[in-house]
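Before any comments, here is the structure.
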Amino acid sequence: MAQTAPPPIAMLAELTHRCPLSCPYCSNPVEMTRRDSEMDTDTWVRVFDEAAALGVLQLHLSGGEPASRRDLVTLVQAARQAGLYTNLITSAIGLTEQRLHELDAAGLDHVQLSLQGTDAVMADKVGGYRGGFDRKMKAVEWIKQIGFPLTLNFVLHRHNAHQLPRALELAQDMGARRIEVATVQFHGWALQNRDALMPTREQAQQVTQHVTEARKALKGTLVIDYVPADYHSDYPKRCMGGWGTTGLNVTPDGQVLPCHAAQSIPHLRFDRVQDKSLAEIWHHNAAFNAYRGTGWMSEPCQSCERKTVDFGGCRCQAMAIIGDASATDPVCIKSPHHKQLQAQANQHAARVDAPFVYRTAPGTAREPAE
Amino acid sequence: MLAQDIPTLPRGVRLHYDKVRENWVLLAPERAVTLDQIGYAILNEVDGQRSFGQITSALSEKYNAPVDQITEDSSGFLDALRTRRFLDVN
C-alpha cells in the first residue's frame, strides 16, 4: 500500500462515552455514542493489533471513563500482547482495589489521573458528582500501593486556577512523576461553557508565571507539562503535533479521526475500523489527508516562518470560531480575527455569574463497571 | 551522574524494539524516545545493579573507546533522561 505519511506514534482509544462525571469542559462531542453502539471486545482487540502493526507505540485508553467498560482488563491485556504501551486516562472514581490489581496483572503501564480540583468542594462541583473527590483519593492510595507510574492531569479554568500551587503539592504527595497543567480547551461540549470557564487574562499570566517558577524549583522531581490559555495567547498550539502526522483517535463506535474534535468539521468524512484497515484509513482517508503537511494553507500561514512549527494551529478551532477549517487559527497574532478573539475571551471571562452547563451522559450507566 | 551512582529504569519505562521503524525506542509514560546506537548501548547496560562507573568501563572495553569520552557522552544522556523522570538513580 502506498504510504502518504510516516506511521502514527500514538492512538487515543475512546472506549466509551459513558462517565460518572459530568464536567462542563468535557471534550467529547455534543452528540455522544450510546452504549449499544460501542464496539465489542474482539473488534477493539483487532484494532490494537492493527495499530501496533501500523507503528503505534503508545495507546491511550480513554473515554468518557474507560473504567465504565466491563472488559477493560481484557483490553489492557490484549494491548500489551500487541506490543503497545498502555496508558489509562481515568478519573479513578469507582475503580476498586481489586480491579486495579487486575489491571496491574494485565500489564497496565501507566495511569493518567484527572484532577477536577484540589479539595472536595471544588472537585465535586466541577465534576458534578458529590463524593467523587473522596472516592478518587481512596483510589489514589491503591494506585500508590501498587506502584503504577502516575501523571496527574489538572484541568485549569477560571474557578480553580488559584488551586495550582496545591495541585503541584498534591502531585508530589501522590508520588506522581509528572503533572499536566492543562488550561481548558474549548472543543465539543466545552464550547458552550466559555462564559463559565474562561480564565481572565491576569489569571492566565499568573498561571504561566507560576508554572515557570515551579518548573525550576521542581526540576528532577516533578515534570510539568503546560497547556496555556490559548484564547489569551499570541501563537496557536501545534495541534496533534501536526494533522495526521503522529496520532489518531478511534471513537467508541469505530470512527477513525485525525483528532478527537475532528467531527466538528462538517465536510470531513471518516472511515470506520469495521469497514477498512487502520493502515488504509491512516494513509488514504480523505479527512487525514485534508490538512496534512502545508499544501492546504492559505495566507498568512503559507508564507509564515512558523508554518512547520505550529501547522497553522487548530483546525477545529478555526472551524468553531471563524467557520473555516482551513483558516489560520484565530489565536494567532497574524490572524485577522486575533483581536476579536482576545476581546471575546475577555468578555467570556467577565461573566462571573455564568452557571456551569453540565455534560449529560448517553445511556444509563452512572458507575464504572466491576 | 557520578561513578558510584546506580542508574535504573523506573517502573513504566522500558526498552522496546520498534519493528515498524526498525530501531530501538525508550517507552515512557505518554512518550516514546527514539534511541540511536549509542543511546541503546548505554541503556542496555542499565540494570539497576551496576554503578555508572562499572557501566562506562564495560562500554569502554566493549567498544574499544576511551572511558573519559564514554563517561562524558553517557552522563549527559542519562542526566537528560533523569530530568524527565525516565531514569532513577540509587
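Every chain is numbered from 1 and lettered A, B, ... according to where its sequence line falls, protein lines coming before strand lines.
For chain B, no part of A/L218 is nearby; none of its heavy atoms comes within less than 4.5 Å. For a residue to count as touching a neighbouring chain, one of its non-hydrogen atoms must lie under 4.5 Å from one of that chain's; by this rule A/L108 touches chain B with the backbone only.
Considering every non-hydrogen atom in both A/P149 and B/G12, the closest pair reads CG-CA, 3.6 Å.
Taking the side chain as every heavy atom from C-beta outward, B/V20 and A/L54 never approach each other to under 4.5 Å.
With sequence neighbours left out, the salt bridge (charged side-chain N to carboxylate O under 4.0 Å, His left out) criterion links A/E97 to no other residue.
Surrounding CD of A/E213 are more than 12 heavy atoms belonging to other residues, nucleotides or ligands, all under 6.0 Å away. Within a 6.0 Å radius of CD1 in B/I38, no more than 12 heavy atoms belonging to other residues, nucleotides or ligands are found.
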To see if you've got the definition right, give the donor-acceptor pairs under 3.5 angstrom between chain A and chain B.
{"from": "A/P7", "atom 1": "O", "to": "B/R21", "atom 2": "NH2", "distance (Å)": "3.3"}
{"from": "A/P8", "atom 1": "O", "to": "B/R21", "atom 2": "NH2", "distance (Å)": "3.0"}
{"from": "A/G55", "atom 1": "O", "to": "B/R21", "atom 2": "NH1", "distance (Å)": "2.8"}
{"from": "A/G55", "atom 1": "O", "to": "B/R21", "atom 2": "NH2", "distance (Å)": "2.9"}
{"from": "A/Q58", "atom 1": "OE1", "to": "B/E30", "atom 2": "N", "distance (Å)": "3.4"}
{"from": "A/Q58", "atom 1": "NE2", "to": "B/A28", "atom 2": "O", "distance (Å)": "2.9"}
{"from": "A/Q58", "atom 1": "NE2", "to": "B/R31", "atom 2": "O", "distance (Å)": "2.6"}
{"from": "A/Y85", "atom 1": "OH", "to": "B/G12", "atom 2": "O", "distance (Å)": "2.5"}
{"from": "A/N87", "atom 1": "ND2", "to": "B/E30", "atom 2": "OE2", "distance (Å)": "3.3"}
{"from": "A/D104", "atom 1": "OD1", "to": "B/R11", "atom 2": "NH2", "distance (Å)": "2.6"}
{"from": "A/D109", "atom 1": "OD1", "to": "B/R14", "atom 2": "NE", "distance (Å)": "3.1"}
{"from": "A/D109", "atom 1": "OD1", "to": "B/R14", "atom 2": "NH2", "distance (Å)": "3.1"}
{"from": "A/D109", "atom 1": "OD2", "to": "B/R14", "atom 2": "NH2", "distance (Å)": "2.8"}
{"from": "A/Q112", "atom 1": "NE2", "to": "B/E30", "atom 2": "OE1", "distance (Å)": "3.2"}
{"from": "A/Q112", "atom 1": "NE2", "to": "B/E30", "atom 2": "OE2", "distance (Å)": "3.0"}
{"from": "A/I146", "atom 1": "O", "to": "B/R11", "atom 2": "NH1", "distance (Å)": "2.9"}
{"from": "A/R177", "atom 1": "NH1", "to": "B/R11", "atom 2": "O", "distance (Å)": "3.0"}
{"from": "A/R177", "atom 1": "NH2", "to": "B/R11", "atom 2": "O", "distance (Å)": "2.6"}
{"from": "A/R178", "atom 1": "NH2", "to": "B/E30", "atom 2": "OE1", "distance (Å)": "3.2"}
{"from": "A/R178", "atom 1": "NH2", "to": "B/E30", "atom 2": "OE2", "distance (Å)": "3.1"}
{"from": "A/T221", "atom 1": "O", "to": "B/R85", "atom 2": "NH1", "distance (Å)": "2.6"}
{"from": "A/D225", "atom 1": "OD2", "to": "B/R31", "atom 2": "NH2", "distance (Å)": "2.8"}

